[in-house]
Amino acid sequence: MPHASPTASHRAIAPSPPSGPKESTRSGAPTCDTSDLKAPEDTSAGRFAAESWNMKGSHLELRDLVFGGVVTVDTAAGPKRVLKFSASAVTIRDLKMAVPVGPQTQHIDGAPGSTSTLHGDHITMYVESLTGTLSGVEGIPLPPALRLHLTPDTVPEWLYDTLGKLDLKLQLDLGDADIDQAGQTGGELVIPGIHGYGTPR
């Protein structure tokens with residue numbers, strides 16, 4: 001199960017974007033090829049499990065989101081490149097989590113139609129992949145509906161441009177969110193009507 005420690009201490013890592021990332025428009029919106037972007041080690045994250053865990057929801061809200069760039073974290077399987085995000089609060093409707101544990105996948109679901117919340121200090125998400133339909137973002141002009149797919153190798157140009165602007169806090173709303181995370185630190189997760197079960201892998 002993902003570990004959350006509301007008292008964890010975190011050291012901010014200043015991203016160092018290259019002078020000219022390669023750009024692509026394959027997704028319909030300008031993106032940056034960040035596969036060659038330097039990914040400094042984030043030692044504050046600790047060590048994560050060897051395999052990522054998955055979180056899905058019909059609607060995801062990320063409040064006061066700051067993009068920390070591409071970093072490297074330590075896992076039981078070795079170093080891994082991830083996208084680093086920090087937020088003051090996260091809410092997710094119709095939460096479904098899947099966590100690999102030995103020969104099984106442990107599932108943790110919220111009640112249908114319920115909204116799970118993650119609140120507290122130093123919420124940091126180390127993301128391997130984030131997919132969703134962007135339905136709202138404050139402060140940046142975007143099309144009304146934009147399907148996103150973020151990885152450590154591909155980042156939308158508008159998000160890449162926020163690197164280093166720690167005073168710029170985004171308010172993001174995503175529909176049909178699907179996130180693979182190497183790990184997560186900080187905050188306390190509350191899941192209404194929590195239901196857990198295991199399935200063979």
Side-chain angles (χ1 to χ4, degrees), residues 1-15 41-76 80 82-101 106-111 113-132 134 136-138 148 150 152 159 162-163 165-196:
M1 181 180 296
H3 175 69
S5 172
T7 60
S9 175
H10 302 278
R11 177 173 59 84
I13 294 179
E41 183 181 2
D42 188 339
T43 56
S44 67
R47 170 173 275 198
F48 295 129
E51 298 181 88
S52 62
W53 55 279
N54 179 262
M55 178 171 65
K56 291 183 173 71
S58 61
H59 188 79
L60 173 70
E61 294 182 359
L62 300 163
R63 292 294 165 253
D64 297 330
L65 187 74
V66 174
F67 178 41
V70 182
V71 301
T72 298
V73 294
D74 185 28
T75 77
K80 184 179 290 186
V82 294
L83 298 170
K84 180 178 180 179
F85 296 93
S86 62
S88 65
V90 179
T91 62
I92 185 163
R93 190 182 305 147
D94 301 312
L95 173 67
K96 292 184 179 296
M97 291 197 299
V99 184
V101 181
Q106 294 296 320
H107 300 270
I108 304 163
D109 298 347
S114 68
T115 298
S116 300
T117 59
L118 180 64
H119 292 280
D121 295 331
H122 307 294
I123 298 171
T124 307
M125 304 165 67
Y126 297 92
V127 174
E128 293 185 55
S129 173
L130 187 155
T131 303
L134 188 63
V137 58
E138 292 184 14
L148 298 180
L150 314 183
L159 182 60
T162 69
L163 275 174
K165 300 177 181 177
L166 299 181
D167 58 336
L168 178 60
K169 294 179 169 58
L170 303 176
Q171 318 302 323
L172 249 58
D173 294 347
L174 290 169
D176 298 320
D178 189 336
I179 307 172
D180 288 325
Q181 293 195 108
Q184 177 181 300
T185 59
E188 180 179 355
L189 180 62
V190 177
I191 307 174
I194 185 171
H195 172 58

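Just so you know, these numbers come straight off a predicted model, no measurement behind them.
The two residues Gly187 and Leu118 have their closest heavy-atom pair at C-CD1, 3.8 Å. Nearest heavy-atom pair across Ile191 and Gly110 is CG2-CA, 3.5 Å. Taking both residues in full, the closest heavy atoms of Val73 and Ala45 are given as CG1-CB, 4.1 Å, listed atom of the first, atom of the second, then distance. Nearest heavy atoms, Ser44 versus Tyr126: OG-OH, 4.1 Å. Considering every non-hydrogen atom in both Asp94 and Ser58, the closest pair reads OD2-OG, 2.6 Å. For the pair Lys84 and Phe67, the tightest heavy-atom approach, listed with the atom from each and the gap, is O-CD1, 3.5 Å.
Atom OG of residue Ser88 and atom CG of residue Asp121 lie 10.0 Å apart, to the nearest 0.5 angstrom. Distance check: Thr124 OG1 to Phe85 CZ gives 11.5 Å after rounding to the nearest 0.5 Å. Separating the CG atom in Leu150 from the CG atom in Leu174 is a distance of 8.0 Å, to the nearest 0.5 Å. Note: Leu62 CG to Ile179 CD1 = 6.5 Å, rounded to the nearest 0.5 Å. How far CG of Asp173 is from CG of Leu134: 8.0 Å, rounded to the nearest 0.5 Å. Interatomic distance, CD of Glu188 versus OG1 of Thr117, reported as 8.5 Å (0.5 Å rounding).
No side-chain heavy atom of Gln106 sits under 4.5 Å from any side-chain heavy atom of Trp53. By the 4.5 Å heavy-atom criterion applied to side chains, Leu95 and Met55 are counted as neighbours. Residues Met97 and Leu189 form a side-chain contact, since some pair of their non-hydrogen atoms from C-beta on lies under 4.5 Å apart. No side-chain heavy atom of Val66 sits under 4.5 Å from any side-chain heavy atom of Leu168.
The side-chain contact (heavy atoms from CB on, under 4.5 Å) check on Asp180 picks up Ser52, Asn54, Glu128, Ser129, with sequence neighbours excluded. Residues meeting the side-chain hydrogen bond (donor to acceptor under 3.5 Å, both in side chains) test with Thr91, sequence neighbours left out: Glu61. Residues forming a side-chain contact (heavy atoms from CB on, under 4.5 Å) with Gln171 (at least two apart in sequence, or on another chain): Arg63, Asp64, Glu138, Lys169.
Tested against Lys56 for a salt bridge (charged side-chain N to carboxylate O under 4.0 Å, His left out), the candidates Asp176, Asp178, Asp109 yield a single pass: Asp178.
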